[in-house]
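Read the structure below first, then the notes.
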Amino acid sequence: GLYMVNGPPAFTESTAFQRDSGKNCKAVTFSKDGSLFAWCNGEKVNIFNVTSAELLHSFDLPKVVCLEFSPKNNVLATWQAYTTAKDGTAGVPNLQLYDVKTGKCLKSFIQKKMQNWCPCWADDESICARNVNNEVHFFENNNFNTITNKLHLQKVNDFVLSPGAQPTKVAVYVPGSKGAPSFVRLYQYPNFSGPQSALANKSFFKADKVTMLWNKKATAVLVIASTEVDKTGASYYGEQTLHYIATNGESAVVQLPKNGPIYDVVWNPNSVEFCAVYGFMPAKATVFNLKCDPVFDFGTGPRNAAYYSPHGHILVLAGFGNLRGQMEVWDVKSYKLVSKPVASDSTYFAWCPDGEHIVTATCAPRLRVSNGYKIWHYTGSLLHHYEVPSNEEMWQVFWQPFLDGVFPVKAVKYQAVPSELPSAEPKPAQAYRPPALRNKPVTSSKLHEDEPPQNMKPQSGSSEKPLSKTALKNQKKHEAKKAAKQEAKADSNQESTQSSASQSTPRSAVPAVTSGDPETDKKIKNLKK
């Protein structure tokens, strides 16, 4: 069924919400401030007030599969699969909007696709928008009987409203066709007429689908454009590019220093930095500023996701899905590593609104065995672990949301928080060694060199002009030669001197993987051999 659990430190079942033991609780949602909760149990859709612990409304809607509250809790949107009658006449409207206070149905629409089914509201609910037949329709003040504005472009595929206060901005994506490029445009509501009305425009090829991400202050949008097929054959998953578009009209392609897929891009809640996880495994992760210059590089590692804490003071880099579930918790201010917990088999990760706790979960249908969830403190302590019985599945786990500012931001701790549970460190598997080598010393062989994290901010002491490409190349060659010489020298000496020599070599001078010049690389490789 469906039930609520008190958060840390209690982890007991909540008595405020009566457990719904139905086997068909599929659609559930909280309101944005966490005060209301709605769910469909296969018979009715119920709205429950969490703070006063009372049931507000029940609607006879057994087939609902999606639920969503408007940002200020005035409207509940419900969606069920669209069905047409046998004789081919149009089906009944399947997207309903209910007034939360009175329980009346405000409006019904026909919405065939499940993707982007929900109307989008501005945060103050002054406007609401839907994508209908390649147009975006705007309603004002939750009056759904009159369309107050239309944004008409030849084929609007997707749009995203900006968060935060008025005036609301709209990012729209129009896919390219017949050799014309795709483009993303930013508008300020309600100025949609004429070619000059757009705040910014960025067109690009290589886009079958895009993801548009507004920052919290609504000053810029990041666009991840991806193709279904990679023409070069380098990746099964198509290729991705990352574009930056600001509302002042500036736009750029974010230059990612490593080739390969873009796994994840997230804005820091402070709206002036974003983090990208990209490149063939082991993936790189880098924080960029609004000029799209790298600020800090986390090096390479087994990761494919990034999550900023709600206050933006901690960043978690994690490898879920086909990776082992290693997490790296970083202090964003000083870029120091806080902890490295491992949550294996996780299909879900979410920060608690308090900015201190994290839930990781293993849910069906992604994984059907050992379903359950774990609550962590970001310092690496496992505080609570729940696993469902072996014949059962867990479908969904999520925190009750809270508005920003409810929880004060606290200083980052590095000392692990005490916990009753033993730490969940998996035993490292021993590498297989053939009998002939079992008593000999271990020689490590790596498939790839791991790059260390490095700060990319220009050091305050250096006021040099940025070098040109050729100058950089020559400098790299020079450094590589120097490093190679030093290594050769160190190798010929004994162990003791070797350690001191390698310590005196600055880490940055030794190129992590390549020096940028294949010839030099070859020489270094041979010298190393």
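Computed from a predicted model, the values in this text were never measured in an experiment.
- When every heavy atom of Pro269 is checked against every heavy atom of Lys216, the shortest pair comes out as O-CD, 3.5 Å.
- One side chain, Ser58 or Asn46, offers a donor N or O that lies under 3.5 Å from an acceptor on the other.
- Formation of a donor-acceptor pair under 3.5 Å by the Ser14 side chain with backbone atoms of Asn6 is not found in this model.
- Side-chain atoms of Asn215 come within 3.5 Å of backbone atoms of Ala218 as a donor-acceptor pair (strictly under, hydrogens ignored).
- Taking the centre of each ring, Phe30 and Phe398 come in below the 6.0 Å mark.
- With hydrogens and angles ignored, the 3.5 Å screen pairs a side-chain donor or acceptor of Glu125 with a backbone N or O of Lys72.
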Can you list the steps and then say if Val136 with Phe192 is a side-chain contact (heavy atoms from CB on, under 4.5 Å)? CA-CA 11 Å; Val136 185; Phe192 299 139; over 6 Å; no

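- The residues Lys32 and Asp123 are annotated as salt-bridged, a charged nitrogen and a carboxylate oxygen being separated by less than 4.0 angstrom.
- In this structure, Lys26 satisfies the cation-pi test against Trp395, with its NZ or CZ atom closer than 6.0 Å to the six-membered ring centre and inside 45 degrees of the ring normal.
- Considering every non-hydrogen atom in both Asn131 and Asn157, the closest pair reads ND2-O, 3.4 Å.
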Take Trp117 and Asn94, measure what side chain to side chain donor-acceptor pair (under 3.5 Å) needs, and give me the verdict at the end. CA-CA 10 Å; Trp117 68 272; Asn94 58 324; over 6 Å; no

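- In this structure, Arg185 forms no cation-pi arrangement with Tyr187, as its terminal cationic atom is not both closer than 6.0 Å to the ring centre and no more than 45° off the ring axis.
- Distance alone, capped at 3.5 Å, is enough to place a donor-acceptor pair between the Gln400 side chain and the Gly34 backbone.
- Heavy-atom neighbours of Arg19 CZ from other residues, nucleotides or ligands within 6.0 Å: above the threshold of 12.
- The ring of Tyr373 has its center closer than 6.0 angstrom to the ring center of His384.
- Distance alone, capped at 3.5 Å, is enough to place a donor-acceptor pair between the Asn371 side chain and the Leu367 backbone.
- Side chain of Thr29 to backbone of Ala38: no donor-acceptor contact under 3.5 angstrom is found.
- Distance check: Cys292 SG to Leu222 CG gives 7.5 Å after rounding to the nearest 0.5 Å.
- Across all their heavy atoms, Tyr173 and Ala207 have their closest contact at OH-O, 3.7 Å.
- Side chain of Gln240 to backbone of Ile262: a donor-acceptor contact under 3.5 angstrom is found.
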Test His311 against Ser309 for side chain to side chain donor-acceptor pair (under 3.5 Å), laying out the working first. CA-CA 5 Å; His311 304 101; Ser309 66; 5.1 Å; no

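- Side-chain N or O atoms of Trp214 include one that pairs as donor or acceptor with a backbone N or O of Val160 at under 3.5 Å.
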